[in-house]
Asker: 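Got a structure here, written out as structure tokens. Questions coming.
Values reported hereafter were calculated over all heavy atoms of this structure, with side chains retained and with hydrogens, waters and symmetry mates removed.
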Amino acid sequence: MSSKKLITVFGATGAQGKSVVQALLSDGSFKVRAVTRDPTKPVAQKMVSQGVEVVKGDFDKEGDIKAAMQGAYGCFFVTNFIEHQQKDLEVKQGQTAANVAKALGIKHFIYSGLQNVNRETGGKLQVPHFDGKGEVEEYLRKIGVPATSLRLPAYFENFLSFFKPHNVPNKNVYTVAMPMGDVPLDGMAVEDFGPVVVSVLKNPNEYIGKDITLSTDLLTIDEYCATLSECLGKNIQNAKMSVEDYEKLGFTMAKELANMFRYYMMRPKRDIPLTVKLNPKARNFKQWVTDNKDKFSDL
């Protein structure tokens, strides 16, 4: 019978959870239980073939969360704001998980958190997908759950989706619309997140009670574009969009993301040296683009 401690990974088929599961498997120090709403997904079935215990779980059902944590030493918990875009629901899910962890005696709760921007700015900026996670961080501390919050920066992968370079009609030019002006923006590949979680789990005395702000690179949008141009052989430029113009784009989260960029322009401190200590193989932006050239092939 294995003496390895069990780690429950919530949101196991999402970008963060998947990275955590694979890093735990590669390290081999822990048993892994993956929680997903749909265990029949191909990505979940692949985990089963790798020896992972995959269980069905709904974040809105306390019984599911309790069953998933039963017998675990620790857990990784991440919520999905984009799915429902309701801060109160995200807070409720996080607090329910915290209560269950406290009741079951979970020894290390790793939370994918973010800053409470509303509190940090005295109510001047509201960024619900940050603020809710910040409230959960505060709740974990309040009720005494042994927790570490890991705060990811902007994903490098966003350059493949939300902030993908767009072709300017009738010109051989692509632009990136990220309203940061000349202020540098922290970033990291979510693919490199999993080993950070493993390092934190293996060093509980050092990291329990800490909020760790991650980053592997700090570049201006001009510098991000220059790196993309160099690596991809395309003319990629900063669209020089203002945060006010971004806010007027009118899509569902335009105002919220505009406030996120306003917060980023306040230069919240992040810790690149600690991030690299936790994952020595974590890549900077140029290394990540070089490794993912094929994903930009449609430019």
Asker: Please walk me through it: do V183 and Y264 pass side chain to side chain contact (heavy atoms under 4.5 Å, CB included)?
Answerer: CA-CA 8 Å; V183 179; Y264 281 151; over 6 Å; no

Asker: I'd like to know whether Q22 forms a side chain to side chain donor-acceptor pair (under 3.5 Å) with Q50, so could you lay out the CA-CA distance, the side-chain angles of the two residues, the decisive distance to 0.1 Å, and finally the verdict.
Answerer: CA-CA 9 Å; Q22 295 308 314; Q50 293 173 303; 3.2 Å; yes

Asker: For Y139 and Y111, what are the C-alpha separation, side-chain angles and deciding distance, and is it a ring-ring contact (aromatic ring centres under 6.0 Å, His included)?
Answerer: CA-CA 12 Å; Y139 187 76; Y111 181 58; over 10 Å; no

Asker: Assess whether a salt bridge exists between K281 and D192, defined as any Lys/Arg side-chain N lying under 4.0 Å from an Asp/Glu carboxylate O.
Answerer: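 No.
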
Asker: Quick one, V43 with K18, criterion side chain to side chain contact (heavy atoms under 4.5 Å, CB included). Give me CA distance, side-chain angles, the key distance, then yes/no.
Answerer: CA-CA 9 Å; V43 63; K18 195 163 49 175; 3.5 Å; yes

Asker: Would the distance check show the side chain of Y73 and the main-chain N or O of K4 forming a donor-acceptor pair, the cut-off being under 3.5 Å?
Answerer: no

Asker: Under 3.5 Å, side chain of K102 to main-chain N/O of I143, donor-acceptor pair present?
Answerer: yes

Asker: So, for F162 and F251, is the gap between ring centers shorter than 6.0 Å?
Answerer: no

Asker: Do M47 and F10 sit in one hydrophobic cluster, given that two such residues count as connected whenever their side-chain heavy atoms are within less than 4.5 Å of each other, even indirectly?
Answerer: no

Asker: Filter on salt bridge (Lys or Arg N to Asp or Glu O under 4.0 Å), then keep only pairs touching residues 86-96, sequence neighbours left out; what's left?
Answerer: K87-E135, E90-K133

Asker: Mind listing the closest non-hydrogen atom pair of T148 and Y207 along with its distance?
Answerer: OG1-O, 2.8 Å

Asker: Of the non-hydrogen atoms in D186 and P268, which two are nearest, and what is the gap between them?
Answerer: OD2-O, 4.2 Å

Asker: Atom OG in S215, atom CG in L274: separation rounded to 0.5 Å?
Answerer: 11.0 Å

Asker: Assigning hydrophobic clusters by single linkage (Ile, Leu, Val, Met, Phe, Trp, Tyr; side-chain heavy-atom cutoff under 4.5 Å), is L249 placed with V168?
Answerer: no

Asker: Between F261 and F163, what is the ring plane arrangement, given parallel below 30°, perpendicular above 60°, and tilted in between?
Answerer: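 Perpendicular.
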
Asker: Between N292 and K295, does any side-chain donor sit less than 3.5 Å from a side-chain acceptor?
Answerer: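 K295 and N292 do have a side-chain donor-acceptor pair below 3.5 Å.
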
Asker: What pair of heavy atoms forms the shortest contact from I106 to P146, and how long is it?
Answerer: O-CG, 3.3 Å

Asker: NZ/K107 to NZ/K5 distance, rounded to the nearest 0.5 angstrom?
Answerer: 9.0 Å

Asker: Donor-acceptor pairs are to be reported for all side-chain atoms of residues 227-236 against protein atoms at under 3.5 Å, with residues two or more places apart or in another chain.
Answerer:
| unit_1 | atom_1 | unit_2 | atom_2 | d |
| --- | --- | --- | --- | --- |
| T227 | OG1 | E223 | O | 3.0 |
| S229 | OG | C225 | O | 2.9 |
| S229 | OG | K234 | O | 3.2 |
| S229 | OG | I236 | N | 2.9 |
| S229 | OG | I236 | O | 3.1 |
| E230 | OE2 | K286 | NZ | 2.8 |
| K234 | NZ | L299 | O | 3.3 |
| N235 | OD1 | Q237 | NE2 | 3.1 |

Asker: Can K255 and E244 be counted as an ion pair, charged N to O under 4.0 angstrom?
Answerer: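 Salt bridge flag = no for E244 with K255.
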
Asker: Tell me, do V32 and L24 make a side-chain contact under 4.5 Å, heavy atoms counted?
Answerer: yes

Asker: Within the 4.5 Å heavy-atom criterion, are P128 and Q85 side-chain neighbours or not?
Answerer: no

Asker: Determine whether N259 and V117 make a side-chain contact, defined as any pair of heavy atoms from C-beta on separated by less than 4.5 Å.
Answerer: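 The answer is no; the side chains never approach within 4.5 Å.
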
Asker: Kindly work out whether a path of hydrophobic side-chain contacts (I/L/V/M/F/W/Y, heavy atoms less than 4.5 Å apart) joins I208 to F109.
Answerer: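 No.
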
Asker: Shared ILVMFWY cluster between Y246 and L125, side chains joined below 4.5 angstrom?
Answerer: yes

Asker: State whether the side chain of S19 and the backbone N or O of V190 hold a donor-acceptor pair below 3.5 Å, judged by distance alone.
Answerer: yes

Asker: Hey, what do you get for CE (M266) to CZ (R262), rounding to the nearest 0.5 Å?
Answerer: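 Atom-to-atom, M266:CE and R262:CZ are 12.0 Å apart.
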
Asker: Can you check whether N116's main-chain N or O pairs, donor with acceptor, with D131's side chain at less than 3.5 Å?
Answerer: no

Asker: Ignoring hydrogens, what is the shortest heavy-atom contact between G17 and V9? Give both atom names and the distance.
Answerer: O-CG1, 3.8 Å

Asker: Find the distance between CG (L152) and CG (L114) and round it off to the nearest 0.5 Å.
Answerer: 7.5 Å

Asker: Quick one: does D245's side chain have a donor or acceptor within less than 3.5 Å of a partner on M241's backbone?
Answerer: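 A pair under 3.5 Å: no.
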
Asker: Taking P169's backbone N and O only, do any of them form a donor-acceptor pair with N167's side chain (distance below 3.5 Å, no angle check)?
Answerer: no

Asker: Answer whether the closest heavy-atom distance between the side chains of L89 and F81 falls below 4.5 Å.
Answerer: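 L89 vs F81: side chains apart.
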
Asker: Grab the two heavy atoms, one from D182 and one from T220, that are nearest each other, plus how far apart they are.
Answerer: O-CG2, 3.4 Å

Asker: Could you walk me through whether I110 and F77 pass the side chain to side chain contact (heavy atoms under 4.5 Å, CB included) check?
Answerer: CA-CA 6 Å; I110 310 282; F77 194 81; over 6 Å; no

Asker: Can you give me every donor-acceptor pair (side chain of residues 51-69, partner residue at least two apart or in another chain, under 3.5 Å) with its distance?
Answerer:
| unit_1 | atom_1 | unit_2 | atom_2 | d |
| --- | --- | --- | --- | --- |
| E53 | OE1 | R33 | NE | 3.1 |
| E53 | OE2 | R33 | NE | 3.2 |
| D58 | OD1 | D60 | N | 2.8 |
| D60 | OD1 | Q93 | NE2 | 2.9 |
| D64 | OD2 | D58 | N | 2.9 |

Asker: Give every donor-acceptor pair under 3.5 Å between a side-chain atom in residues 170-180 and any protein atom, sequence neighbours left out.
Answerer:
none

Asker: For a 4.5 angstrom cut-off between non-hydrogen side-chain atoms, does K164 reach N158?
Answerer: no

Asker: CZ of F76 to OG of S112: how many Å apart, nearest 0.5 Å?
Answerer: 4.5 Å

Asker: Is it true that M260 and M188 fall in one hydrophobic cluster, defined by side-chain heavy atoms closer than 4.5 Å?
Answerer: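 Different hydrophobic clusters.
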
Asker: Can the ring centres of F159 and F285 be said to be less than 6.0 Å apart?
Answerer: yes

Asker: Could you pull out the closest heavy-atom pair between P195 and A23, with the gap in Å?
Answerer: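 Closest approach of P195 to A23, heavy atoms only: N-CB, 3.5 Å.
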
Asker: Per the side-chain hydrogen bond (donor to acceptor under 3.5 Å, both in side chains) rule, what does the pair list look like for residues 269-279, sequence neighbours excluded?
Answerer: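 Every side-chain hydrogen bond (donor to acceptor under 3.5 Å, both in side chains) pair that includes a residue of residues 269-279, provided the two are not neighbours, is E206-K277.
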
Asker: Nearest 0.5 Å, what's the NZ-OG1 distance between K46 and T13?
Answerer: 13.0 Å

Asker: For residues 137-162, which residue pairs qualify under salt bridge (Lys or Arg N to Asp or Glu O under 4.0 Å), counting only residues two or more places apart or in two chains?
Answerer: R119-E138, E137-R151, R141-D211, R151-D211

Asker: Applying side chain to side chain contact (heavy atoms under 4.5 Å, CB included) to H129 and M253, what does each step give before you reach the verdict?
Answerer: CA-CA 10 Å; H129 76 282; M253 289 181 66; 4.1 Å; yes

Asker: Do D38 and T40 have side-chain atoms, one donor and one acceptor, less than 3.5 Å apart?
Answerer: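 There is such a pair between these side chains.
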
Asker: Give a yes-or-no answer on whether the side chains of Y155 and Q16 include a donor-acceptor pair shorter than 3.5 Å.
Answerer: yes

